[in-house]
Amino acid sequence: MATNGEVKINGNGTATQKSPLRKITTSDKHDGICHDMSAPTVKAQTIDELHSLQKKKSAPSTPNKGIQGAFAAVSEEERQKQQLQSIRGSPNIEMDEHTFMVNRERAVDYLNSLDKVFVNDQFLNWDPENRIKVRIVSARAYHSLFMHNMCIRPTPEELENFGTPDFTIYNAGQFPCNRYTHYMTSSTSIDLNLARREMVILGTQYAGEMKKGLFSVMHYLMPKRQILSLHSGCNMGKDGDVALFFGLSGTGKTTLSTDPNRYLIGDDEHCWTETGVSNIEGGCYAKCIDLSKEKEPDIWNAIKFGTVLENVVFDEHTREVDYVDRSVTENTRASYPIEYIPNAKIPCVGPHPKNVILLACDAFGVLPPVSKLNLAQTMYHFISGYTALVAGTEEGVKEPRATFSACFGAAFIMLHPTKYAAMLAEKMQKHGATGWLVNTGWSGGSYGSGSRIKLAYTRKIIDAIHSGSLLKANYKKTKVFGLEIPTEVEGVPSEILDPVNTWSDKKAYNETLLKLAGLFQNNFTTFTDFKIGKDNKLTEEILAAGPIF
Ligand SMILES: Nc1ncnc2c1ncn2[C@@H]1O[C@H](COP(=O)(O)OP(=O)(O)O)[C@@H](O)[C@H]1O
Ligand SMILES: C=C(OP(=O)(O)O)C(=O)O
Ligand SMILES: [Ca+2]
Ligand SMILES: [Mn+2]
């Protein structure tokens, strides 16, 4: 399926007691169909409408008994605090236990109807102390191979002693959910149940749902252990300097963490503990639209036997892939085991990060190619989670659309964004990490008039961050966003470092800058009522770290 792969999880973090099924009462409509009238149907057409319905419902009152270990259910009070709908911008909605079971049974029945299913037993997290065991039951070899590549592969001995998994996925993606089932707005549903430790996939075959669903589970489990889960890429230099690359889909986490001069720790999902960083996964999931051997040799070479290519168009006779073809989707992908990258760091762990790079693909073309951030600015931009991509395939879409996704992962986070932000601030402070904002998007104008910043320039900028030379550069402060921008970066034309220079229409530049600043300000209004750190100082600084105009 050609989707962008953001997960929609209908989860429920509580255990439940089996309540007797409601009796089905049929309607008197004489159309030959048995209508279940025992509960009113959900009329919502959109996720927003569903959210509003959800808020009016009282929280399910289910006792939390019998769940042990990391999955221990939280108190009702705590649970209410953690309600997913309190996370603005989250595409997830809370689902009741009964509906979960309806979908689960549908998926399991479908899988049971097949001659064979595929079962993967694998691990998540290279940190052995905080590793979980996952089982993936799927109908298609494609899904099984994908997870074989993406999760950590056990040794034959580890497989022998695998035991009971901590979490199980039932992937019945070829089979739709039933649109008469409560909450279903389409034939696609990805349901996550933390109490049962299960995930059910119906009606989508986008493989990314499995990995991102498990990532959501980690976003719940890890913070409970004071471990920060991160939607970021991660690599390490020869001297052991670690960099994190945060960013929404398509901003460059995979591309920039895959760097021939550095060790790859991982491209998408990490944990930051008391001892350092660890990759959650055992593979990478690279976008391959317009992939070229010259610009991205490591990713190009990783596409070989064993790699799963998704949604690409290829010649059926020569089997040659046309990476430029976007007729299926822009979101073409390659999934390969991390060891397909020659300089992967195995085991995928490293020391505390030195640089925290926030990536934004600014299709408005007003954010500088690179800015040095103070801690408060880093938090402001981390909580904002901005990017603006352009709909590449939709005709007539000329205006960039801003996306704000808290912590660069509103779809995956399970707690309030400020909880993750507070942990990040504490860790960055403690280990003296520097924050950076890198625009991998447009320069010289917005989408339509300007062009995307050359990957070669972005790589030079990243090189200068890694080497420490950028820290020592001369800086000036930009108007409105108040960002510190360097006057020179080796290998990058100096005039592009301040975006105002690259726009021929200065009036349009100023208007676009103010427009984007307004969008930032508007988005941040939900976060004015929070506290980060022990006193109010950092909180006040974060609130002041946004655009001023
Ligand atoms: N200046 C740039 N910096 C980073 N990526 C760029 C740049 N210009 C073009 N690209 C392309 O943008 C895409 C970034 O996607 P990817 O690295 O997969 O993002 P993510 O892992 O964050 O989803 C790649 O296809 C890459 O080739
Ligand atoms: C795996 C995905 O993430 P990203 O685009 O961040 O690499 C995805 O969107 O399906
Ligand atoms: Ca994504
Ligand atoms: Mn990626």
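Read the numbers this way: they start at 1 and go in the same order the structure lists the ligands and their atoms. FYI, the numbering just counts along the sequence from 1.
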How are the rings of Tyr336 and Tyr340 set to each other: parallel, tilted or perpendicular (split at 30° and 60°)? parallel
Report for the Mn ion (ligand 4), protein N, O or S closer than 2.8 Å, by chain and number, lists Thr254 OG1
Who are the side-chain contact (heavy atoms from CB on, under 4.5 Å) partners of Pro165, not counting sequence neighbours? Arg135, Phe162, Thr168
Output the list of atoms in ligand 2 that are nearer than 4.0 Å to some heavy atom of Ser249, sorted by atom number. 4 (P), 5 (O), 6 (O), 9 (O)
Any nitrogen or oxygen of Leu256, side chain or backbone, less than 3.5 Å from one on ligand 1? no
Polar proximity ligand 1 side, Thr255 side, N/O cut 3.5 Å exclusive: yes
Using heavy atoms and a threshold below 4.0 Å, how should the contact between Thr458 and ligand 1 be classified: side chain, backbone, both, or neither? side chain
Within reach of ligand 1, part of Glu296 (heavy-atom separation under 4.0 Å): side chain
Heavy-atom side-chain contact between Leu424 and Trp272 under 4.5 Å: yes
Which atoms of ligand 2 sit under 4.0 Å from any heavy atom of His231? 6 (O)
Can you tell me which portion of Lys287 lies within the under-4.0 Å heavy-atom range of ligand 1? Options are side chain, backbone, both, or neither. both
Where ligand 2 meets Tyr285 - atom numbers and elements under 4.0 angstrom, heavy-atom basis: 1 (C), 10 (O)
Residue pairs fulfilling salt bridge (charged side-chain N to carboxylate O under 4.0 Å, His left out) with at least one residue in residues 381-390, sequence neighbours excluded: none
List in chain and number order the residues that pass side-chain contact (heavy atoms from CB on, under 4.5 Å) with Val117, two or more places apart in sequence or in another chain; answer none if no residue qualifies. Leu111, Leu114, Val119, Val137
Under 3.5 Å donor-acceptor, Gln122 side chain and His148 backbone: yes
Against ligand 2, does Glu209 come closer than 4.0 Å with any heavy atom? no
Pick one of side chain, backbone, both or neither for how Asp267 approaches ligand 1, counting any non-hydrogen atom pair under 4.0 Å. neither
Can you list the atoms of ligand 2 that are under 4.0 Å from a heavy atom of Tyr206? 8 (C), 10 (O)
Contact atoms of ligand 2, heavy-atom distance to Lys287 under 4.0 Å: 5 (O)
Proximal ligand 2 atoms for Asp268, defined as those under 4.0 Å from one of its heavy atoms: 4 (P), 6 (O), 7 (O)
